[in-house]
Amino acid sequence: MSYYKIKNLEQYFKHYKKSIREPQKFWGRVASENFVWYQQWEKVVEYDMADARVEWFKGAKVNIVKNCIDRHLAKRGDKTAIIFEPNNPDEPALHISYNELHERVCKMANVLRDQGIKKGDRVCIYLPMIPELAVSVLACARIGAVHSVVFAGFSSSALASRINDCECKMVITSDGSYRGNKTVDLKGIVDEALQQCPTVTTVLVAKRTNEAVPMQDGRDQWLQPLLDKASTNNVAEIMDAEDPLFILYTSGSTGKPKGMLHTTAGYMVYTAYTFKNIFNYQDNDVFWCTADIGWITGHSYIVYGPLLNGATTVIFEGVPSYPNFSRFWEVIEKHNVNQFYTAPTAIRALAKESLEYVQKYPLSSLKVIGSVGEPINEEAWHWYNDHVGGKRCPLVDTWWQTETGGIMISPLPFVTPTKPTYATLPLPGIQPVLMDEKRNEIEGNQVVGSLCIKYPWPSMARTIWGDHQRFKDTYFSTFPGKYFTGDGALRDEVGYYRITGRVDDVIIVSGHNLGTAPIEDAINEHPAVAESAIVGFPHDIKGNALYGYIILKDIGEGRDRNNLSKEINQLIADQIGPIAKLDKIQFVSGLPKTRSGKIMRRILRKVAEGDFSNFGDISTLLNPEIVEEIKNGRL
Ligand code: WTA
């Protein structure tokens, strides 16, 4: 019997039980039946959760790109691996077969090696959603270089700090990028970032917008001429199961972003397995995930998961609103998309527009629709289910994180009955638990608590690059021996999970994780600002928006508040990116602080939400009088 694909609910429970009772057997079977290995593992899993150390398939030798591409060539060489849908609908789409992808990746891998990139070196990829992005990712993995993709909406200083944190030797970028009716000067952003990045010796530049850009002698090279000269023969690096595959940065509640490190074999097995089951992918289906490859969703479910299954995956360069609000639906029709995976923020934005945009299209090719990135509210769930899924496509609400590598809790289509706003049941191998404030596990159903995972799974992040102590402190010490997700959840009467949101200082805006600390740091750099505090408040489309409370220095007091607000938002855009801009800025004379000097964010959150009832105990505040002022000045 194969464990790779779950066919019905009874089988789900059977596989789930097996995966908990005998994880070694379960994952050993999945891994040996569905992948090509140079050498088998000695042990399926070895771990010490208290010390945050986990190893999967130790002793095995493998190359993930061999599994993504080479092994499909005999049977599926002519099958389309990637459909590239450009930003401009008048530009023809590109169909890249597995044979062509193989050729492109081999050439790129040879270019990287020619440029001195070796196994273990870090390569930063800062590219728009064009085929070169996926090809660069795969070329790195083929030669054992560790890719660090930085979302091409991040600013130059965010890019620089990510490059420096993992000491990249190379940056792969493009002249520019298209986003709706705008173009962005990506190369200019890279040039600015690299003024602060001593480790980068080479920049490879793909052409996209064909704008003239300055090229620095000895450092910058156009990519295409190098590819033209490169051979299509490339021997893949033989990797250990636990060799680093990639680093991907995610915001923390404090300090600098965390470089989550994912390794090779466990990530490969789990992303392939979850892709197959959660999207019920069948051989000739076309799968489309609208995320950017700069986020974990794109890594796992545009690139690795689909290609490991020999699937056809869509890379979409554009945005849902360009040239109009029908774009998603038009692309689904154009390419006969069977599985569609997007974010609640996109759904809410489209649901605000006239229904005609979606009703014009029958969308009859769709079989499964999915949601990721933040809790999907009931209204958005129904709109998506009714108008996109036509009430016939199961809607999979998938909960997971950059840190988890793959989807952890989700319905399986045609297997798990769905329930609006519920991520429902854990995947095999995943053991979620809810914890109370006293750090005890909450048993039984109809309970709420902090969501933890109590047993390792193959695709979990192994560490934070360069800072294992921080990894341990952030994820494994709040509830010793368990992985703490930072999310709160409830478990209903049948054991279904519903994620209620973050319980830490991370705020999810339009599906992007933003830590409060880096935004506050950016604001505090303004010469007129003395101190600041950021909280989230509910927003119709973004899910949450940012509300900033700012204390000015004397020199700021006489200045025009509108101009100050603009300058502050510009600072945030420069330091982090436009996604982190504040929707509301309230200037205050003080912030509510406890006697130990901690800002009581709970109060700031309530004011931002406009909920003046029940502030709780404010007697422990050093300055309780400030609460009244803040309430009265609410925007
Ligand atoms: C949130 C994205 C509710 C959650 C894959 C998590 C969700 C954070 C869901 C991780 C969902 C993601 N329902 N909340 N289906 N999916 N989240 O690292 O708070 O960008 O901790 O990974 O997004 O965001 P990240």
Side-chain angles (χ1 to χ4, degrees), residues 149-151 153-154 246-253 257-262 267 270-271 274-275 278 289-305 341-348 369-378 380-381 384 395-411 416 418-427 430 432 448 450-453 459-461 464 474-475 478 483-491 496-515 536 542-544 579-580:
V149 183
V150 176
F151 171 59
F154 275 121
F246 65 85
I247 298 166
L248 187 59
Y249 287 87
T250 186
S251 310
S253 40
K258 299 171 288 194
M260 305 311 308
L261 180 77
H262 284 280
Y267 177 83
Y270 194 75
T271 52
T274 48
F275 174 79
I278 293 161
C289 164
T290 71
D292 193 288
I293 294 173
W295 309 114
I296 190 69
T297 308
H299 278 60
S300 301
Y301 300 108
I302 296 177
V303 182
Y304 288 113
Y341 190 31
T342 195
T345 183
I347 296 300
R348 287 191 299 264
I369 57 174
S371 167
V372 59
E374 58 188 305
I376 179 163
N377 51 307
E378 190 136 7
W381 195 99
Y384 193 24
L395 192 174
V396 293
D397 177 3
T398 64
W399 174 83
W400 59 299
Q401 309 176 295
T402 305
E403 295 85 339
T404 69
I407 297 167
M408 303 286 279
I409 305 183
S410 171
T416 322
T418 59
K419 176 174 176 182
T421 76
Y422 280 74
T424 76
L425 298 172
L427 269 288
I430 307 305
V448 288
S450 294
L451 179 63
C452 289
I453 314 291
S459 66
M460 66 195 288
I464 292 175
T474 312
Y475 301 106
T478 317
Y483 168 80
F484 175 43
T485 65
D487 283 327
L490 68 79
R491 188 163 55 219
Y496 273 16
Y497 287 88
R498 175 185 183 165
I499 312 303
T500 47
R502 303 290 309 186
V503 294
D504 56 12
D505 287 335
V506 172
I507 305 169
I508 304 193
V509 178
S510 298
H512 303 312
N513 288 9
L514 300 173
K542 301 180 187 179
N544 296 293
I579 46 178

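Starting from 1, each residue takes its place in the sequence as its number. One-based numbering, in listed order, for ligands and for the atoms of each.
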>> Among all protein heavy atoms in this structure, tell me which lies nearest to atom 13 (N) of ligand 1, with the distance rounded to 0.1 Å.
In response: E374 O, 3.4 Å
> Quick one: which ligand 1 atoms are inside 4.0 Å of a heavy atom on D397?
Replying inline: 11 (C), 13 (N), 15 (N)
> Does ligand 1 have a heavy atom under 4.0 Å from the side chain of R502, from its backbone, from both, or from neither?
Replying inline: side chain
> Is a side-chain donor or acceptor of E374 paired with a backbone partner of I508 at a separation under 3.5 angstrom?
Replying inline: no
> Which atoms from ligand 1 have a heavy atom of I296 less than 4.0 Å away?
Replying inline: 5 (C), 22 (O)
> Where does Q401 meet ligand 1, judged by heavy-atom distances below 4.0 Å: at the side chain, the backbone, both, or neither?
Replying inline: both
>> For Y304 and Y267, take the angle between the two ring planes, folded into 0 to 90°, and tell me which bin it lands in: parallel under 30, tilted 30 to 60, perpendicular over 60.
In response: perpendicular
> Starting from atom 3 (C) of ligand 1, which protein heavy atom do you reach first, and at what distance in Å?
Replying inline: P375 N, 3.1 Å
> Do the side chains of V372 and Y301 get nearer than 4.5 Å, heavy atoms only?
Replying inline: no
> What part of V506, side chain, backbone, both or neither, has a heavy atom within less than 4.0 angstrom of ligand 1?
Replying inline: neither
> Do Y270 and W400 have ring centres separated by under 6.0 Å?
Replying inline: no
>> Quick one: does any side-chain atom of S251 pair with a main-chain N or O of N513 as donor and acceptor, under 3.5 Å?
In response: yes
> Non-hydrogen atoms of W295 versus ligand 1: any pair closer than 4.0 Å?
Replying inline: no
> Tell me, which protein residue and heavy-atom name are nearest atom 21 (O) of ligand 1, and how many Å apart are they?
Replying inline: D487 OD2, 2.6 Å
>> Please list the nearest protein heavy atom to atom 10 (C) of ligand 1 with its residue and the distance rounded to 0.1 Å.
In response: W400 O, 3.6 Å
>> Tell me if a side-chain donor or acceptor on T398 pairs with a main-chain N or O of S371 at a distance below 3.5 Å.
In response: yes
> Which atoms of ligand 1 have any heavy atom of V372 under 4.0 Å away?
Replying inline: 5 (C)
> Under a 4.0 Å heavy-atom limit, does T402 contact ligand 1 with its side chain, its backbone, both, or neither?
Replying inline: both
> Counting each atom of ligand 1 from 1 as listed, which ones have a heavy atom of T297 under 4.0 Å away?
Replying inline: 5 (C)
> Distance-only, no hydrogens or angles: does the H512 side chain make a donor-acceptor pair with backbone N or O of A580 under 3.5 Å?
Replying inline: no
>> Suppose we measure from atom 8 (C) of ligand 1 to each protein heavy atom; which comes out shortest, and what is that distance?
In response: I508 CD1, 3.7 Å
> Which protein non-hydrogen atom lies closest to atom 16 (N) of ligand 1, naming both residue and atom, and how far is it?
Replying inline: G373 N, 3.1 Å
> T424 versus D397: any side-chain heavy-atom pair under 4.5 Å?
Replying inline: no
> Does T404 offer a backbone N or O that forms a donor-acceptor pair with the side chain of S459 under 3.5 Å?
Replying inline: yes
> Can you find a pair of side-chain heavy atoms, one from I347 and one from T342, that are under 4.5 Å apart?
Replying inline: yes
>> I need the nearest protein heavy-atom contact for atom 24 (O) of ligand 1: residue, atom name and distance, please.
In response: N513 ND2, 3.2 Å
> Of the backbone atoms (N, CA, C, O) and the side-chain heavy atoms from C-beta on, which set of I376 has a member under 4.0 Å from an atom of ligand 1: side chain, backbone, both, or neither?
Replying inline: neither
> Hey, what do you get for CG (D504) to CG (D487), rounding to the nearest 0.5 Å?
Replying inline: 7.5 Å
> Relative to the heavy atoms of T398, which atoms of ligand 1 are at a distance of less than 4.0 Å?
Replying inline: 9 (C), 11 (C), 15 (N), 16 (N)
